[in-house]
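Quick notes on the structure that follows.
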Amino acid sequence: MQPRLEHLGFVSRRAEHTRDFGFLLGQAAEPGDLILLRGPFGAGKTTLVQGIGAGLGIQRHVTSPSFTLINEYQGRLPMHHVDLFRLNDLDLEIEQAIESCEGEAGLTVIEWPDLLPEDLKSGALRIDLEVLADEERSLVVHTTGSRWTSDQLREMMIEALRGEISR
Ligand SMILES: Nc1ncnc2c1ncn2[C@@H]1O[C@H](COP(=O)(O)OP(=O)(O)OP(=O)(O)O)[C@@H](O)[C@H]1O
Ligand SMILES: [Mg+2]
């Protein structure tokens, strides 16, 4: 069996790199996919989701869900964008809402997912973002337990860094 890399990453030196990587993720997304985005304020989580939305062909501007927790967009696949930042704990109603998003044939992307119970994170692609400098961000992708392969993700990272994706 080929050895598999469990995580890999790159340094994004401007917001476009992050958005372009998201764009490629959105293009490759399949029904039922789940992506978890971890990292501090301003790390680029929503920027990445904007790229994912563009890759799914979503026309509407993607913004962080504030009053709603969950925003839904229509593209090639539906995208549910969840942001759990403002929550101190999850109640049953929220868990069920997230579970129902994940049950749909679309893509669910969740910012600040640490509160989620393990069963709502299973099969997810996890991306950890960090702020390195003004415009520099580290993005590390964890493929363990997900359907994504490190080869596929490495190609996407290299293409995003080329900066030639036209949107
Ligand atoms: N390389 C980069 N990648 C991503 N964003 C960058 C980069 N360089 C600068 N930025 C800027 O950093 C900001 C990232 O904000 P964004 O809302 O995406 O972060 P966030 O992780 O969603 O934060 P929050 O936790 O507050 O929701 C944006 O203003 C973006 O333009
Ligand atoms: Mg955000």
Side-chain angles (χ1 to χ4, degrees), residues 7-29 33-75 77-91 94-95 97-98 101-102 106-117 120-121 124-143 146 148 150 152-167:
H7 48 249
L8 70 162
F10 68 103
V11 175
S12 163
R13 293 206 158 77
R14 40 182 199 269
E16 289 70 34
H17 288 162
T18 302
R19 218 171 283 134
D20 285 354
F21 180 58
F23 184 87
L24 296 168
L25 287 171
Q27 276 193 328
D33 276 347
L34 174 63
I35 299 179
L36 307 178
L37 303 179
R38 298 170 75 229
F41 300 122
K45 302 181 293 297
T46 300
T47 303
L48 188 66
V49 183
Q50 288 167 343
I52 293 173
L56 283 169
I58 290 165
Q59 302 290 329
R60 250 173 79 202
H61 181 61
V62 172
T63 52
S64 245
S66 41
F67 299 107
T68 45
L69 282 188
I70 304 177
N71 281 345
E72 185 176 353
Y73 300 88
Q74 295 303 326
L77 301 173
M79 175 174 83
H80 290 97
H81 180 198
V82 183
D83 190 331
L84 300 178
F85 167 64
R86 282 158 208 84
L87 291 188
N88 295 317
D89 51 340
L90 286 184
D91 60 28
I94 297 168
E95 279 191 32
I98 293 170
C101 293
E102 293 182 10
L107 168 67
T108 303
V109 188
I110 306 181
E111 295 187 41
W112 299 96
D114 287 2
L115 279 179
L116 289 178
L120 289 184
K121 296 195 261 197
L125 180 72
R126 196 180 103 204
I127 305 178
D128 290 349
L129 297 94
E130 272 178 59
V131 180
L132 302 179
D134 265 5
E135 293 203 79
E136 281 187 11
R137 306 289 186 269
S138 147
L139 280 84
V140 175
V141 171
H142 299 259
T143 61
S146 83
W148 300 80
S150 46
Q152 170 188 31
L153 291 159
R154 187 178 47 227
E155 289 303 313
M156 290 183 196
M157 290 175 183
I158 291 168
E159 196 177 340
L161 290 173
R162 273 197 203 111
E164 287 167 7
I165 296 171
S166 56
R167 284 179 274 115

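No experiment lies behind these values; they were computed from the predicted model shown. Atoms within a ligand are numbered from 1 in the order they appear, just like the ligands themselves.
- Using a 4.0 Å cutoff on heavy atoms, His17 does not count as a contact of ligand 1.
- For atom 17 (O) of ligand 1, the nearest non-hydrogen atom from the set Val11, Val131, Thr46 belongs to Thr46.
- In terms of protein heavy-atom proximity, atom 4 (C) of ligand 1 is closest to Thr18 OG1, 3.4 Å.
- Atom numbering of ligand 1 starts at 1 in the shown order; those under 4.0 Å from a heavy atom of Ser12 are 1 (N), 2 (C), 3 (N).
- Of the protein's heavy atoms, Gly44 N, 3.2 Å lies nearest to atom 19 (O) of ligand 1.
- Protein N/O/S atoms found under 2.8 Å from the Mg ion (ligand 2), listed by chain and residue number: Thr46 OG1, Glu111 OE1.
- Considering only heavy atoms from C-beta on, Leu48 stays 4.5 Å or farther from Val109 through its side chain.
- Of the protein's heavy atoms, Ala15 CB, 3.8 Å lies nearest to atom 31 (O) of ligand 1.
- Here the shortest heavy-atom pairing between Met157 and Phe10 reads CG-CD2, 3.4 Å.
- Within the listing of ligand 1, atoms 25 (O) sit less than 4.0 angstrom from a heavy atom of Trp112.
- Looking at Arg14, Arg38, Lys45, Arg137 and measuring to atom 11 (C) of ligand 1, the nearest heavy atom belongs to Arg137.
- Protein heavy atom closest to atom 14 (C) of ligand 1, with residue, atom name and distance, is Gly42 O, 3.5 Å.
- Here is the list of ligand 1 atoms found below 4.0 Å of a heavy atom in Glu135: 1 (N), 2 (C), 7 (C), 8 (N), 9 (C).
- Across Leu161 and Val11, no two heavy atoms sit closer than the pair CD2-O, 3.6 Å.
- Looking at heavy atoms from C-beta onward, His17 lies out of side-chain contact with Phe21 at the 4.5 angstrom threshold.
- Checking Thr47, Leu37, Leu132 against atom 30 (C) of ligand 1, the nearest heavy atom belongs to Thr47.
- Of the listed options Glu136, Glu111, Gln50, Glu111 places a heavy atom closest to atom 27 (O) of ligand 1.
- With Arg86 contributing its side chain and Leu69 its backbone, the two residues share no donor-acceptor pair below 3.5 Å.
- A donor-acceptor pair under 3.5 Å is absent between the side-chain atoms of Gln27 and the main chain of Gly55, judged by distance alone.
- If you check which protein heavy atom lies closest to atom 26 (O) of ligand 1, you get Phe41 CD2, 3.6 Å.
- Between the Lys45 side chain and the Pro40 main chain, a donor and an acceptor come within less than 3.5 Å of each other.
- For ligand 1, the atoms lying closer than 4.0 Å to a non-hydrogen atom of Pro40 are 21 (O).
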